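This is a predicted model, so every value here is computed, not measured. Order of the sequence lines sets the chain letters (A, B, ...), proteins ahead of strands, with each chain counted from 1.
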There are 2 protein chains.
Amino acid sequence: MEFQTVDKKNLSKQVIDEIIGLLQSGQLKPGDRLPTEMELMTMCNVSRSVMREALSSLEAMGIVNRKTRKGTFFSDRIGSEPFSIMLALSSGNLKSILETRISLELGFVTLAAEKITDEDLERLNATVEAMKEADGDYTATDKEFHEIIAHSASNPLLEAMIGPVLNLYDKTLEQISTNQKNPEITIGHHEAIYEALKEKNPVKAYQAMYTHLSYVRDKALRGLKERQ
Amino acid sequence: MEFQTVDKKNLSKQVIDEIIGLLQSGQLKPGDRLPTEMELMTMCNVSRSVMREALSSLEAMGIVNRKTRKGTFFSDRIGSEPFSIMLALSSGNLKSILETRISLELGFVTLAAEKITDEDLERLNATVEAMKEADGDYTATDKEFHEIIAHSASNPLLEAMIGPVLNLYDKTLEQISTNQKNPEITIGHHEAIYEALKEKNPVKAYQAMYTHLSYVRDKALRGLKERQ
DNA sequence: TTTGTAATTTTGTATGACAATTAAATTAAG
DNA sequence: CTTAATTTAATTGTCATACAAAATTACAAA
């Protein structure tokens with residue numbers, strides 16, 4: 001006869017669960033104000049320290065925002081913090097960052113092909129046109145293109161992931177600092193992706209995105225090699 | 001003339017960054033023991049309260065584990081906690097859960113097609129065979145199939161995401177409780193995915209997985225509708 | 001009515017005390 | 001000498017209290 005060890009949670013973790021439960025149950029909504037620390041500690045019957053530990057954790061995860069004298073509020077949207085941290089901890093090298101990006105963006109573009117709105121299609125097209133007109137650095141426009149696609153998936157969780165991924169990619173690339181940009185190729189790829197999305201064709205969009213990101217990957221890895 | 005507001009971080013957030021920096025800089029490795037709370041508070045020149053808030057946050061995110069009398073250790077692997085919480089907060093309905101799953105798994109399977117090892121191929125095949133032999137519930141085996149694929153992408157971050165996604169999916173489906181299972185179709189899909197992975201063909205693997213998960217989605221949504 | 005100051009509210013930080021957990025050290029028993 | 005039992009100690013866990021900081025609100029004076 002063997003007893004399973006009981007996984008005891010400390011009080012602050014239990015409080016975290018309770019507070020998240022307020023959101024999940026619909027008692028409070030994103031953007032709503034929570035009771036004050038003093039009220040919460042009484043409600044949960046724990047010390048203020050425990051409550052602060054729980055709230056600090058929730059704030060680090062972007063689930064709440066706390067402001068002196070105003071109070072503590074649930075965030076309006078799923079924050080990028082948790083994923084940013086996971087990314088920061090995982091980012092061993094450029095290759096794995098690129099692969100993470102590929103993996104996520106291929107999924108995003110598939111959903112986008114199913115669900116993209118005319119408005120987002122126009123915004124996408126605008127970035128393609130802006131890139132054609134751009135004289136110098138088109139990184140921001142390039143990034144915007146990818147962000148619109150993630151947004152088009154109409155899924156707040158997925159959308160919360162694109163920012164951290166692209167930021168980490170940009171940051172890593174800066175450190176390598178290869179300035180071999182081929183705007184024509186990138187623009188061509190973006191156009192192909194755009195056309196596939198316009199047709200609402202997931203497989204075609206996937207293939208266009210995979211081609212694009214594989215090219216980005218190969219170029220970056222080549223640049224890395226030449227740098228050594 | 002406009003001044004940008006300075007984004008001031010409180011002390012516990014600053015301490016979090018410093019501790020994560022220990023990992024990123026390689027000073028400490030996953031699994032290593034951190035200094036004690038008392039030592040850390042001296043090193044960082046903050047009170048014990050602030051240090052505990054920071055450590056509680058790190059523990060809530062699965063980055064460290066703390067044990068009475070033993071100390072505080074960096075986790076061996078990227079935890080699922082951050083992503084679990086993001087998922088918990090985002091999970092409005094079955095449709096969005098299904099879409100999240102589709103998006104992520106399509107990316108995973110693409111990378112898996114590039115990188116899968118013979119060993120993982122064998123394990124995949126074993127699950128397909130196990131499902132053929134299964135008399136009753138093959139949920140665990142089905143889940144394992146998908147987990148192996150995520151593992152095959154050989155990316156710790158992506159691998160940390162599959163567990164929470166599948167758990168949430170299972171949990172949501174339980175609540176719907178439609179018992180319309182077609183093992184033959186699922187097995188057929190798994191076989192097609194397996195064959196594509198064996199050929200190391202990303203596009204084919206993607207298409208097979210997309211077909212499978214679209215079927216899963218349609219069936220679940222149909223079941224949901226019939227339940228209302 | 002506007003401006004300046006004081007009061008207030010809520011979060012932020014520090015300190016000290018004690019509790020709880022659990023490993024290590026010491027003592028006692030066979 | 002070995003094993004078992006007890007005590008001690010190390011580290012995290014919780015609580016309480018005090019004060020600081022930030023920033024809004026209320027009140028008084030011009």
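- For DNA chain D, no neighbouring residue in residues 11-19 of chain B is found when judged by any heavy atom under 4.0 Å.
- In this structure, B:Met51 places its CE atom 14 Å from P of D:dG13, rounding to the nearest Å.
- What separates CG of A:Asn65 from P of C:dT10 is a distance of 17 Å, to the nearest Å.
- Salt bridge annotation for B:Asp120-B:Arg123: present, with a cationic side-chain nitrogen under 4.0 angstrom from a carboxylate oxygen.
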With 3.5 Å as the limit, what N/O pairs link the protein to nucleotides 6-12 of chain D?
unit_1	atom_1	unit_2	atom_2	d
D:dA9	N3	B:Arg69	NE	3.3
D:dA9	N3	B:Arg69	NH2	3.4
D:dA10	O4'	B:Arg69	NH2	3.4
D:dA10	N3	B:Arg69	NE	3.4
D:dT11	O2	B:Arg69	N	3.3
D:dT12	OP1	B:Thr72	OG1	3.1
D:dT12	OP2	B:Glu37	N	3.0

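- Two residues are said to be in side-chain contact when any heavy atoms from C-beta on lie closer than 4.5 Å; B:Ile102 and B:Met209 fail this criterion.
- Comparing C:dA14, D:dA16, D:dT14 against the side chain of B:Val46 picks out C:dA14 as the nearest.
- More than 12 heavy atoms of other shown residues, nucleotides or ligands fall within 6.0 angstrom of atom CZ in B:Arg33.
- In this structure B:Glu114 satisfies the salt bridge (charged side-chain N to carboxylate O under 4.0 Å, His left out) test together with A:Arg217, sequence neighbours excluded.
- Under 3.5 Å, the side chains of B:Thr186 and B:Asp142 contain no donor-acceptor pair of N or O atoms.
- Residue pairs satisfying the ring pair (Phe, Tyr, Trp, His ring centres under 6.0 Å) criterion with at least one member in residues 34-87 of chain A, sequence neighbours excluded, are absent.
- When rounded to the nearest whole Å, the span between CG of A:Leu40 and P of C:dT9 equals 18 Å.
- For A:Asp170, there are no side-chain hydrogen bond (donor to acceptor under 3.5 Å, both in side chains) partners two or more places apart in sequence or in a different chain.
- Looking at residues two or more places apart in sequence or on another chain, you find a salt bridge (charged side-chain N to carboxylate O under 4.0 Å, His left out) between B:Glu129 and B:Lys132.
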